[in-house]
Protein chains: 2
Amino acid sequence: MTPDPDGETEPRRIKSVRTGSDIIDVVKRLQGGTLAEISAEIDLTKGTVYTYLQTLVDSGFVTKREGEYRLSFRFIALGEHVRNETGLYVAGHDVIDDLADRTGEYVHLIAEERNRIAVLYESHGDRAIAKDYHLRMRETPQYFHDTAAGKAILAHLPSDRRDAILEAHEFEGQTKNTITDAPTLRETLAEIRERGYALNDEEEIRGMRAVGAPILDSDETVVGAVSVTAPTSRLSDDRFRSTMPKRVIEAANLIEVNLETAQIDR
Amino acid sequence: MTPDPDGETEPRRIKSVRTGSDIIDVVKRLQGGTLAEISAEIDLTKGTVYTYLQTLVDSGFVTKREGEYRLSFRFIALGEHVRNETGLYVAGHDVIDDLADRTGEYVHLIAEERNRIAVLYESHGDRAIAKDYHLRMRETPQYFHDTAAGKAILAHLPSDRRDAILEAHEFEGQTKNTITDAPTLRETLAEIRERGYALNDEEEIRGMRAVGAPILDSDETVVGAVSVTAPTSRLSDDRFRSTMPKRVIEAANLIEVNLETAQIDR
DNA sequence: GACTAATGTTTGATAGTTACAAACATACTG
DNA sequence: CAGTATGTTTGTAACTATCAAACATTAGTC
């Protein structure tokens with residue numbers, strides 16, 4: 001191994017697995033690409049990319065439909081598998097559906113992984129709108145600072161992990177309401193801890209408000225969050241700061257109870 | 001390249017990508033495994049498997065929770081991505097929910113990929129039971145011969161593709177009702193083509209019946225199927241052969257209309 | 001339908017990665 | 001605290017991945 005300039009050695013990795021993963025990312029982003037298009041995005045010759053794509057097709061990650069490479073349906077099955085082995089999903093699934101029915105809005109079950117938030121499950125009632133937004137939300141990993149669920153989780157993480165995240169990330173401003181500086185964010189998080197729920201007042205996208213509550217373990221470790229998202233017009237101040245938080249917290253508590261009685265590993 | 005014994009050369013593949021895929025499969029199957037457990041399943045030294053796992057964690061496919069490697073939440077997002085770029089899902093999603101509400105049973109939206117059936121979406125009404133079964137159904141790729149949706153698709157595939165599948169597979173008998181020989185299966189498929197829907201009379205698991213109808217393209221190519229599954233006790237002969245087929249076909253037709261008006265690529 | 005351009009596929013050679021083996025470190029067990 | 005299982009690191013030999021360039025196929029044009 002060649003030692004780094006600063007004497008540290010890089011940990012050993014399998015380069016071809018990384019390359020394979022890169023190609024999967026490109027195929028995902030392109031939503032259907034030809035060999036030429038895909039190799040244009042990757043710093044390898046088309047011959048090499050060709051071999052990778054054949055291998056990925058063989059392994060069932062990619063399929064070729066109508067001359068274009070796409071991610072295969074196998075990911076749907078893999079996604080369901082991950083869900084069903086996740087205690088939080090099993091415990092929360094029905095509660096989320098219920099909350100969606102009763103509020104009529106979009107409801108999310110969120111977990112944390114690799115210092116990002118991940119959507120475990122989404123359900124919506126019949127008044128829910130802005131489907132395109134939620135589509136994006138479901139598909140791309142999100143940060144903590146500009147969503148209600150994210151802030152609810154971040155507020156309840158052990159302080160060392162919270163510090164690490166606050167230091168590691170630049171907080172991009174999605175709207176003029178987004179909190180972009182660490183000190184203000186810290187204050188908000190302290191508030192959230194006190195009152196038990198988090199708000200998102202058009203901080204992620206204009207015209208949408210959200211309320212989120214953390215889901216805690218039997219030993220007070222945060223394992224996820226629930227959130228309800230609705231247009232500001234339907235979440236007037238009173239509902240936004242009183243009625244809805246109550247409901248969201250209630251749902252979070254229900255999930256906590258399910259988690260504890262089930263004793264399924266998260 | 002070393003030529004094969006029979007003079008044919010194997011197409012070139014990236015061996016490490018295959019190995020990575022194999023390890024992902026093992027991690028999936030073990031539902032949380034330690035390095036020792038995972039390397040026991042793979043014909044590589046633990047040092048090598050260690051490097052693979054580190055790489056897979058880096059790339060976001062695998063996470064380590066409580067000392068065990070598991071598939072990461074990223075697969076949920078990838079699965080949703082695949083769904084949402086699939087025209088059939090976009091066109092069929094609401095119709096399936098509707099049918100589940102009205103029948104109260106399990107409803108599946110099925111597509112075909114790599115000579116297997118793949119569950120694109122599942123919805124269930126409030127009478128649906130046997131959740132464990134459906135879990136398995138959702139997670140593992142299935143064959144055509146022992147499900148209603150599978151037979152509906154197989155019946156409408158172009159004859160060359162159908163022949164290829166019929167020849168390639170041994171038809172395992174799941175129950176005493178499963179059709180296991182190609183000639184009988186061919187007869188059944190001809191019937192299905194004539195009457196427009198397929199039945200599964202406890203052929204996959206005992207006590208469960210299902211009705212499936214194909215979803216056809218504007219040029220009569222089959223792109224998928226809808227099916228309703230219910231316990232035999234609630235699908236008496238009359239419902240099984242008359243009422244339910246009508247509903248399932250209706251749903252399939254609705255999806256066909258959605259597909260054509262939307263003109264989203266499949 | 002012949003000609004051209006673009007895209008996809010195959011292959012020999014070699015730079016460089018992978019996989020082994022074996023040592024080292026750490027965590028569990030009685 | 002010894003003993004054992006599990007996880008991590010590393011030098012090196014063997015083999016793979018990658019390039020480059022040729023070849024094949026398909027699509028586009030006049």
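Note on naming: letters A, B, ... go to the chains in the order of the sequence lines (proteins, then strands), and numbering restarts at 1 for each one.
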**Study point:** Pi-cation contact, B/F73 with B/R65 (under 6.0 Å, within 45°)
**Key:**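 The answer is yes, since B/R65 meets both limits relative to B/F73.
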Euclidean distance, atom [atom1] of residue [X] to atom [atom2] of [N] [Å, nearest integer]:
X	N	atom1	atom2	answer
A/L53	C/dT9	CG	P	10 Å
B/I23	C/dT18	CD1	P	12 Å
B/I38	D/dT6	CD1	C1'	12 Å
A/R18	C/dT17	CZ	C1'	13 Å

Is the shortest side-chain N to carboxylate O distance from [X] to [Y] below 4.0 Å?
X	Y	result
A/R161	A/E112	yes
A/R74	B/E113	no
B/E80	A/R83	yes

Review point. Nucleotide by nucleotide, 5' to 3', does protein get under 4.0 Å of the base (B), only the sugar-phosphate (S), or neither (-) in nucleotides 14-24 of chain D, counting heavy atoms?
Key: --SSBB-----
Review point. Does the side chain of A/T48 come under 3.5 Å of the side chain of A/T45 through a donor N or O and an acceptor N or O?
Key: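 A/T45 and A/T48 do have a side-chain donor-acceptor pair below 3.5 Å.
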Exercise for review: Respond yes when some side-chain nitrogen or oxygen of B/Y50 is under 4.0 Å from OP1 or OP2 of D/dT8, and no when none is.
Suggested key: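 Indeed, a polar side-chain atom of B/Y50 lies that close.
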**Study point:** Spacing of CD1 belonging to B/I76 relative to CG belonging to A/L78, to within rounding of 0.5 Å
**Key:** 11.0 Å
